[in-house]
Amino acid sequence: MAYSEHVEKIPKSAALPATAGFWKKYIGEMDPVIFWSTGAVTLAAVLFGLFSPAKFDGFLTHLQKAITTNLNWYFLLSVAIYLFICMYIAFSKYGDLKLGKAEDKPEFSYFAWIAMLFSCGVGVGYAFWAVGEPVMHYMNTPYLAQSQTPDAMPVAIEIGVMHWGLHAWAVFALVGLAIAFPAYRQGKPMNFSISLYGLFGDKIIGSPFGRFVEFLAAFATIAGVSTALGLGIISINAGIKHIFGTGLDTTGMTVFMVFLIICYIISAVSGIEKGIKNLSTINVYVAFIWGGFILVMGPTSDLLNLMVQTTGTYVNNFLYQTFWTDFSAKTPWLGWWTVFYWIWWISWGPFCGGFVARISKGRTLREFILGVALVPTLVALVWFSIVGGAAQFAQINGTAPMAEALKADMGSGIYVLLSSFQFGDLMGYVVFINLLIFLITSADSASFFVAMQMARGSMNPSTMMKLIWGAFIGSLALVLLISGGLQALQKAAIIAGAPFSVIIFMMIFSLFKMLKKAYKEEYTPKSV
């Protein structure tokens, strides 16, 4: 059944007959229930945070603490299971199945495909936290080494790699598979609820539960990416302050955000093939430049030795770190860091998984999982070892006050590190541009994904739909930056994402039902 036939199956009762023609003409295909409910709830959250930030933050803080304090074991175990399922599928008989028909070929080259993976919002994080985590975990090492000792250096880096590596990308790969498999093999609409097709069949399309799942996916994406935009602007502002001596005030941030919104809407409107693909590819090359600069200008031999040792400790301690619950000491560290990240990645599962699914047609399941989960982990091992290791050496040798700078302003870390090298201030401009492009690719891929959900899973939503939600995401980040409610929305994204841990388990059962059926159809000999 073709996509257009599936759209016809979706109930139209929620549409407003008098205005249906207007919306169809100017916005294109849309699901009014998801469109208006997501917009209304997001706007309500913004207004609550804007006019009563203290109460809003208190409410969200209470929920966040309840989740991270009482359910640590659950989220650690859940992510471990997601990772195991991904690796099982990759190396099982199902790994040879293709996301699409036998004759389908990948739309993008390997390099462009991998580059676009980092455009899903994590690119800014690799730049932002590759300095922060290795230094902070070196100063306060939770396990396997004593803080502020040589043994703590690789352990601190591998903690950062764990948070940004295989565990995180396994969540995205699993969600992406559950969406892409029915979309490309059976022509289903690429909305989030289709990830449950194996359990419910066509009944999930347009159903109340399906729409509820799509609403959660859209809201978590908007909240998460708005927060990422805000954090990115904090880092950009730190760069402006470091380069020009003074940061942006409220008016400056407003003007900058408007400029950013215009840039990523133009990119999103240009489409994946032109805007997102080209910007992502350029950005990877730019990151290579300043990453290579740090390697050459820093203690090169020590950084390479540290990278090799960190790789070994990461592999050796993998299971220990995966299942470490801090049972004896019960310090707040686990909730602040690992559990926080696991819930954060689960909340980003709809967006990152959905976008990865959109760009992966024609690849085998094995190729998809290893590309999505393994390649970024290898990049993280190299990147965190070089950038984070250089920051650690700068702290230890006293060439740059890294810990003090990070405590004062997390966004300043990379600029403080670069300032300790010759020509480092010049390279600060390159990093500034790199972060700016990462913000654009994160936001335009997010607006593309949200527009897909609002357009009933269309893989090519209308320009107006992308414009609306691109502007919505940017405006939300701006309002929260101005009102001081950015941290509150970050908590809201985690709370909105927590229910997805249950939905992902449903997706696993759905996916295996589809895999078994597809394998039987494809490889069972047909009688003559």
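Hydrogens, waters and symmetry mates play no part in the numbers below; they use all other heavy atoms, side chains included.
No side-chain heavy atom of Q453 sits less than 4.5 Å from a side-chain heavy atom of F215. At a threshold of 4.5 Å between non-hydrogen side-chain atoms, the residues K188 and D202 count as touching. Under the 4.5 Å side-chain criterion, counting only non-hydrogen atoms from C-beta, M307 is not in contact with L381. Between S501 and I504 the shortest side-chain heavy-atom distance does not fall below 4.5 Å. In this structure, the side chains of I359 and E107 stay at 4.5 Å or more apart for every pair of heavy atoms. Within the 4.5 Å cutoff, side-chain heavy atoms of F512 are placed close to those of I85. Residues F351 and F192 form no side-chain contact, since every pair of their non-hydrogen atoms from C-beta on lies 4.5 Å or further apart. You'll find the side chain of Y94 stays beyond 4.5 Å of the side chain of T364, heavy atoms only.
Closest approach of I204 to S193, counting heavy atoms only: CG1-O, 3.5 Å. L216 approaches P499 most closely through the heavy-atom pair CD1-CB, 4.4 Å. Closest heavy-atom contact between A90 and L370: CB-CD2, 4.5 Å. For the residue pair I194 and I179, the shortest heavy atom distance occurs at CG2-O, 3.9 Å. Closest non-hydrogen pair, L99 versus S360, comes out as CD1-O, 3.8 Å. Considering every non-hydrogen atom in both L83 and A170, the closest pair reads CD1-CB, 3.6 Å.
With rounding to the nearest 0.5 Å, the separation of CG in L374 from CG in L378 is 4.5 Å. Rounding to the nearest 0.5 angstrom, the gap separating the CG atom in L174 from the CZ atom in F84 is 12.5 Å. Distance check: F172 CZ to C86 SG gives 11.5 Å after rounding to the nearest 0.5 Å. Here the CZ atom belonging to F181 is positioned 5.0 Å from the CG atom belonging to L97, to the nearest 0.5 angstrom. With rounding to the nearest 0.5 Å, the separation of CH2 in W469 from CD1 in I473 is 8.5 Å. A distance of 13.0 Å separates CH2 of W342 from OG of S347, quoted to the nearest 0.5 Å.
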Legend entry - Step-by-step side chain to side chain contact (heavy atoms under 4.5 Å, CB included) determination, L334 to V339: CA-CA 6 Å; L334 187 66; V339 173; 3.8 Å; yes
Inset, instruction - Might you work through the side chain to side chain contact (heavy atoms under 4.5 Å, CB included) test for M454 and V450, ending with a clear yes or no? - result: CA-CA 6 Å; M454 301 303 160; V450 175; 3.9 Å; yes
Inset, instruction - Test F355 against L117 for side chain to side chain contact (heavy atoms under 4.5 Å, CB included), laying out the working first. - result: CA-CA 8 Å; F355 182 73; L117 296 182; over 6 Å; no
Inset, instruction - May I have the step-by-step check of side chain to side chain contact (heavy atoms under 4.5 Å, CB included) for F259 and L436, ending in yes or no? - result: CA-CA 11 Å; F259 165 75; L436 180 61; 4.3 Å; yes
Inset, instruction - Evaluate the ring-ring contact (aromatic ring centres under 6.0 Å, His included) criterion for residues H163 and F340: first the C-alpha distance (whole Å), next the side-chain angles of each, then the deciding distance (0.1 Å), finally the verdict. - result: CA-CA 10 Å; H163 290 158; F340 175 88; 9.5 Å; no
Inset, instruction - Assess whether ring-ring contact (aromatic ring centres under 6.0 Å, His included) is satisfied between W344 and Y341, documenting all intermediate values. - result: CA-CA 5 Å; W344 185 249; Y341 270 117; 8.4 Å; no
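Within 6.0 Å of CZ on F212 lie no more than 12 heavy atoms contributed by other residues, nucleotides or ligands.
A salt bridge is defined here as a Lys NZ or Arg NE, NH1 or NH2 lying under 4.0 Å from an Asp or Glu carboxylate O, and D104 with K98 fails to meet this definition. Salt-bridge annotation for K516 and E521: absent, with no side-chain N of the basic residue lying under 4.0 Å from a carboxylate O of the acidic one.
For W383 and W290, the ring centers are positioned less than 6.0 Å apart. Taking the six-membered ring where the residue is Trp, the centroids of Y285 and F111 are separated by under 6.0 Å. Checked against the 6.0 Å centroid threshold, F505 and F509 do not count as a close aromatic pair. The ring of W348 has its center no closer than 6.0 angstrom to the ring center of F500. Note: H137 and W337 meet the aromatic proximity criterion, with ring centroids under 6.0 Å apart. Note: W129 and F384 fail the aromatic proximity criterion, with ring centroids not under 6.0 Å apart.
No option in T338, L76, T322, T377 other than T322 meets the side-chain contact (heavy atoms from CB on, under 4.5 Å) test with H167.
In summary, the side chains of E214 and N191 do present a donor paired with an acceptor at a separation below 3.5 Å, with no hydrogens or angles considered. Of the N and O atoms on the side chains of S510 and Y197, not one donor lies less than 3.5 Å from an acceptor on the other residue. Using modelled atom types, one finds a donor on one side chain and an acceptor on the other under 3.5 Å when comparing E133 with W164. Side chain to side chain, T313 and E158 meet the donor-acceptor criterion of an N or O pair below 3.5 Å.
Looking only at distances, a side-chain donor or acceptor of R366 sits under 3.5 Å from a matching main-chain atom of S92. At distances below 3.5 Å, not a single donor-acceptor pair connects side-chain atoms of Y82 with backbone N or O atoms of A168.
Judged as a salt bridge (Lys or Arg N to Asp or Glu O under 4.0 Å), not a single pair has a partner in residues 84-95 (not counting sequence neighbours).
Figure legend: R363 and Y110 shown as a cation-pi pair, the cationic atom lying under 6.0 angstrom from the six-membered ring centre and within 45 degrees of its axis.
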